[in-house]
Novice: 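The structure follows.
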Amino acid sequence: MTDLAAPERLAKIAAMRAAGVDPYPARGIDAAPIAELAAGAGTAEAPGPKIGSQVAVAGRVGVLRDFGKLVFAPLADRSGKIQIGLQRDKLAAWWEHRKWLDAGDHLGVRGELGFTKKGELTVWATEVVILSKTVAPPPEKWHGLADQELRYRRRYVDLWANEGVAAVFAKRSRVLSLVRRFLEARGFLEVETPTLHPIAGGATARPFVTHHNALDADLYLRIAPELYLKRLIVGGLERVFEVSRNFRNEGISVRHNPEFTMLELYQAQADYRHMMELTETLFEHLARELSGGTVVEFRGKTYDLKAPFARLRYADLFQRHVGCDLHDRDAVRAKAREKGLEVPSADDDAAYWRLMNDVFESAVEHELGGPVFITDYPTPICPLAKQNPADPRFAERFEVYVGGMELANAFSELNDPAEQERRFVEQVASQDPEAPGEVDVDYVQALEYGMPPAGGLGIGIDRLCMVLTNQDSIRDVLLFPTLRQHKTRATAAETVADAGAAAG
RNA sequence: GGGCGCAUAGCUCAGUCGGUAGAGCAACUGACUUUUAAUCAGUAGGUCCCAGGUUCGAUCCCUGGUGCGCUCACCA
């Protein structure tokens, strides 16, 4: 046990055992979802159990309001909450055991559905069973679990102690479900590709490294599923998607978690224009399904996710917000210095384009409300995208922004093996710590077998859920966000460890 | 990683212009058959995050550390 366990509750467990009552019985009880009772109550529209009928409910009990010969308490399950009423007269033999009950216990209650004098729907108990005795006291009843860190560390408490938390995750689940149905209806096949990659490709990010003992080889946790999914397009699957947990060894912020979920999809015979249409259609669909309308509120502002979204060209935005052409290297460097960005002394192309994009991001991104497509990125910052046939300086790529946050990234996929190889070699040579360490030769070979023209799209599911559920931090849409390691004091574990040390 | 802020009872917080501390809730005891954060009476509960420094004296001031939050950078 840990120091969370309250002595008075442990004493109750001992008392129950002494009385021959199991505080952790093996079987639950067959109970109705509480919402059915609460909403139904035998009316014509909602044919739940009638007032006066016998019902059974099971759930976590809240604060006990004890009147001596009468106890009221709320009982909550996943579906809702109802009041239970325990009366001495109806629980004669059991009545003395009411002292075993504590806030937070799991109870099964059988009784008659009725009302109190104040008109509160109540299950008047004729039988009460402790289904699981809680030794850790629940959070304070007024404030709930307020400590941010504890909310994340003890999400299992946060979920029932704080209103609305479970609903956010139910919505998230629904987003994934809707996305799957949406894509399946359009002929996409859900696939699963490796999480362990010999080369960390498909994005620029620092990977996590791990080691396979039998192969005696280092492997990387994937930073993106992209290159595998495109191999499947080569393989003729034509329309594939994956809900991919990606891992990036980077900082943590309100928008970043080291592991995050991305939807990636690829569609043969499509290009980035199709991806735009698909994106805005999907976003509108999700908004409508989740909230009934297309307008969502996020961080105190509203955004209309009704398609079509505005389309703004990268070069135009650059000109407008930075004030010079993105190819004018001297002017861009001057702007970078103005903004206090670190201007690299090296004069190579890779460094210039990184700088140019930094300038763009610092000048443009937070100016964007959205939803908006930023389109036609400069080719040098798009190693996996196809060039625009009319102007090869730009790639057929777009990103979607809502509330200053990048939600999606898509392009017409580069399928020329020679050009792809050239860009890989360039990346590897760039010395960028976030670039892959070696050329993915197998991927180039895949392209040599021929990939049809295809559009690809990646959507940050966590961020999308932030927008759709109006949560400011990515941590609030992740059940268990990554936190610094933290040793919980486990008194029993210490005892075991001490015993082991003593024995050894 | 940089900057800013916070750390006091189980929880949420107040407080001490430097003299080792308080409220509400929770717990415990008692009363109460109609509460909705029940009420009433009482009891108990503190390494004031840790270490060092200044001081007659530090929870308070200073330095360092730890943890957390916010923010910047990077990205999705």
Side-chain angles (χ1 to χ4, degrees), chain A residues 3-9 11-12 62-74 81-91 95 99 102-104 114-122 124 136-153 157 161 202-206 223-226 244-264 340-342 354 357-358 361-362 365-366 399-402 405-410 432-434 457-466 472-475 483-487:
Chain A
D3 52 11
L4 265 184
E8 62 271 11
R9 291 182 181 231
K12 290 179 185 182
V63 185
L64 300 157
R65 296 185 286 273
D66 189 339
F67 288 83
K69 299 186 184 65
L70 168 73
V71 179
F72 289 116
K81 193 186 272 190
I82 196 169
Q83 177 164 269
I84 56 171
L86 315 184
Q87 295 167 102
R88 188 184 61 176
D89 299 346
K90 293 195 173 173
L91 289 162
W95 188 246
K99 291 291 176 194
D102 283 301
F115 289 103
T116 62
K117 288 176 186 169
K118 296 272 172 68
E120 175 90 6
L121 190 67
T122 299
W124 294 108
E140 208 248 10
K141 65 180 173 185
W142 289 10
H143 303 91
L145 186 61
D147 185 298
Q148 280 283 71
E149 187 200 352
L150 275 186
R151 286 191 49 220
Y152 300 138
R153 287 195 194 281
V157 177
T204 48
R206 284 169 222 256
I223 57 174
E226 170 149 355
S244 166
R245 186 71 66 91
N246 297 344
F247 306 84
R248 298 189 181 175
N249 207 338
E250 292 165 348
I252 295 175
S253 79
V254 287
R255 300 187 275 296
H256 300 86
N257 196 64
E259 52 180 299
F260 65 100
T261 302
M262 197 152 92
L263 168 73
E264 280 206 10
L341 295 171
E342 201 179 311
R354 270 202 300 278
N357 197 40
D358 287 347
E361 286 175 357
S362 69
E365 282 189 355
H366 30 273
E399 291 189 352
V400 178
Y401 279 81
V402 176
M405 199 163 62
E406 180 187 344
L407 291 188
N409 181 19
D432 183 345
E434 297 189 351
L457 167 65
I459 297 177
I461 292 295
D462 313 286
R463 289 182 178 178
L464 179 60
C465 287
M466 287 168 67
D472 289 354
S473 170
I474 197 167
R475 290 179 166 188
L483 301 172
R484 196 178 294 271
Q485 291 231 9
H486 183 82
K487 294 238 162 49

Novice: Measuring from the side chain of A:E361 (C-beta onward, heavy atoms only), which nucleotide among B:U34, B:C75, B:U36 has the closest atom?
Specialist: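 Taking heavy atoms from C-beta onward, the closest nucleotide is B:C75.
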Novice: Would you mind telling me which of B:G69, B:U36, B:U71 lies closest to the side-chain atoms of A:R65?
Specialist: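 So the side chain of A:R65 is nearest to B:U36.
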Novice: How many whole angstroms separate atom NZ of A:K90 from atom P of B:U33?
Specialist: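 About 16 Å, once rounded to whole Å.
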Novice: Give the minimum heavy-atom separation between A:T116 and A:W124, together with the two atoms involved.
Specialist: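 For A:T116 and A:W124, the tightest heavy-atom pair comes out as CG2-CZ2, 3.8 Å.
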Novice: Less than 4.0 angstrom between a side-chain N/O of A:R153 and OP1 or OP2 of B:C68, yes or no?
Specialist: yes
Novice: Figure out the CG/P separation between A:L145 and B:U12, and round it to whole Å.
Specialist: 8 Å
Novice: Among A:L64, A:L70, A:D66, A:L91, find the one that has a side-chain contact (heavy atoms from CB on, under 4.5 Å) with A:L86.
Specialist: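 For A:L86, the side-chain contact (heavy atoms from CB on, under 4.5 Å) test succeeds with only one of A:L64, A:L70, A:D66, A:L91, which is A:L91.
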Novice: Give the C-alpha distance, both sets of side-chain angles, the deciding distance and a yes or no for side chain to side chain contact (heavy atoms under 4.5 Å, CB included) between A:F115 and A:L121.
Specialist: CA-CA 5 Å; A:F115 289 103; A:L121 190 67; 3.7 Å; yes
Novice: Taking the C1' atom in each of B:A27 and B:C70, what is the distance between them to the nearest angstrom?
Specialist: 34 Å
Novice: Please state the C1' separation for the pair B:U71 and B:U12 - nearest whole angstrom.
Specialist: 26 Å
Novice: Of the candidate nucleotides B:U34, B:C68, B:C28, which contains the atom at the shortest distance from the side chain of A:T116?
Specialist: B:U34
Novice: Just wondering, do A:M466 and A:V254 contact through their side chains at under 4.5 Å, heavy atoms?
Specialist: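 No, side chains not in contact.
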Novice: Over how many whole Å does the gap from A:N249 atom CG to B:G1 atom P extend?
Specialist: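 These atoms are roughly 12 Å apart.
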Novice: What stem regions, each of at least 3 consecutive Watson-Crick or G-U pairs below 3.5 Å, can be found for RNA chain B?
Specialist: B:1-7 with B:66-72, B:10-13 with B:22-25, B:27-31 with B:39-43, B:49-53 with B:61-65
Novice: Rounding to an integer number of Å, can you tell me how far A:H256 NE2 sits from B:C74 C1'?
Specialist: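 About 6 Å, once rounded to whole Å.
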Novice: Closest-nucleotide mapping onto RNA chain B: is A:E250 or A:R475 further toward the 5' terminus? I mean the 5' end.
Specialist: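 Closer to the 5' end of RNA chain B: A:R475.
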Novice: Please pick, from B:U71, B:C68, B:C75, the nucleotide with the shortest atom-to-atom distance to any side-chain atom of A:R248.
Specialist: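 Of all the options, the side chain of A:R248 is nearest to B:C75.
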Novice: Taking atom C1' in both B:G45 and B:U29, compute the distance separating them and give it to the nearest angstrom.
Specialist: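 So the two C1' atoms sit 15 Å from each other.
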Novice: Rounded to whole Å, how long is the line connecting atom CH2 of A:W124 with atom P of B:U33?
Specialist: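 That distance rounds to 13 Å.
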Novice: Taking only the P atom of each, what is the distance from B:C60 to B:C72 in whole angstrom?
Specialist: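 Between the two P atoms, the distance is 32 Å.
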Novice: Mapping A:P139 and A:K99 onto RNA chain B by nearest heavy atom, which one lands closer to the 5' end?
Specialist: A:P139
Novice: Which nucleotide wins on minimum distance to the side chain of A:E8, given the candidates B:C74, B:A38, B:A27?
Specialist: B:A27
Novice: Mind checking A:N246 for me? I need base, sugar-phosphate or nothing, with any heavy atom below 4.0 Å counting as a touch.
Specialist: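 Contact class for A:N246: none.
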Novice: Among the candidates B:C74, B:U36, B:G69, find the nucleotide nearest to the side-chain atoms of A:E120.
Specialist: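 Nearest to the side chain of A:E120 among the choices is B:U36.
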Novice: To the nearest Å, how far apart are A:I252 CD1 and B:G2 C1'?
Specialist: 16 Å
Novice: Do A:H256 and A:I474 have side-chain heavy atoms sitting under 4.5 Å apart?
Specialist: no
Novice: If you define the side chain from C-beta out and look only at heavy atoms, does anything of A:N246 sit under 4.5 Å from A:P225?
Specialist: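 Side chain of A:N246 against side chain of A:P225, heavy atoms only: contact under 4.5 Å found.
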Novice: Taking the side chain of A:Q83 as its heavy atoms from C-beta onward, which of B:U33, B:U36, B:G69 lies nearest to it?
Specialist: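 For the A:Q83 side chain, the nearest candidate turns out to be B:U36.
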Novice: Do A:P138 and A:V157 come close enough that some side-chain heavy atom pair is under 4.5 Å?
Specialist: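 They are not in side-chain contact.
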Novice: Considering just the side-chain nitrogens and oxygens of A:K12, establish if one lies under 4.0 Å of OP1 or OP2 belonging to B:C28.
Specialist: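 For B:C28, OP1/OP2 do have a side-chain N/O of A:K12 under 4.0 Å.
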Novice: Taking all atoms of both residues into account, what is the closest heavy-atom pair of A:T122 and A:G85, and its distance?
Specialist: CG2-N, 3.4 Å
Novice: Any base atoms under 4.0 Å from A:G68, or only sugar-phosphate, or nothing? Heavy atoms, all strands.
Specialist: base
Novice: Rounding to an integer number of angstrom, what distance separates B:G2 and B:A38 when you compare their P atoms?
Specialist: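 Result for the P pair: 47 Å, nearest Å.
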Novice: Counting any heavy atom closer than 4.0 Å, what does A:N257 reach on the DNA or RNA strands: base, sugar-phosphate only, or nothing?
Specialist: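 Base, at least one base heavy atom under 4.0 Å.
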Novice: Quote, to the nearest angstrom, the C1' distance that separates B:A14 from B:C48.
Specialist: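 My reading of the C1' atoms in B:A14 and B:C48 gives 13 Å.
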Novice: Please tell me which of the listed nucleotides, B:C74, B:G69, B:A38, lies nearest to the side chain of A:F67?
Specialist: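 In terms of side-chain proximity for A:F67, the closest of B:C74, B:G69, B:A38 is B:A38.
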Novice: Any chance you could lay out the side chain to side chain contact (heavy atoms under 4.5 Å, CB included) test for A:Q83 and A:R65, step after step, and finish with the verdict?
Specialist: CA-CA 11 Å; A:Q83 177 164 269; A:R65 296 185 286 273; 3.1 Å; yes
Novice: With a 4.0 Å limit, can you tell me whether A:R255 has a side-chain N or O closer than that to the phosphate oxygens OP1/OP2 of B:C74?
Specialist: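 Looking at the OP1 and OP2 atoms of B:C74, neither is under 4.0 Å from any side-chain N or O of A:R255.
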Novice: In this structure, how many angstroms lie between the P atom of B:U12 and the CG atom of A:L150, rounded?
Specialist: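 In whole Å, B:U12 P lies 8 Å from A:L150 CG.
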Novice: Over all strands shown, is A:V71 touching base, sugar-phosphate only, or nothing at heavy-atom distances under 4.0 angstrom?
Specialist: nothing
Novice: Looking at every non-hydrogen atom in both residues, tell me the closest pair between A:R245 and A:T261 and how far apart they are.
Specialist: NE-OG1, 3.5 Å
Novice: Using the P atoms only, state how far B:C62 lies from B:C17, rounded to an integer number of Å.
Specialist: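 Taking atom P in both B:C17 and B:C62, they lie 15 Å apart.
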Novice: Atom CD of A:Q87 and atom P of B:U33: how far apart are they, to the nearest Å?
Specialist: 11 Å
Novice: B:G3 and B:U59: how far apart are their C1' atoms, nearest whole angstrom?
Specialist: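 After rounding to an integer number of Å, I get 27 Å for this pair.
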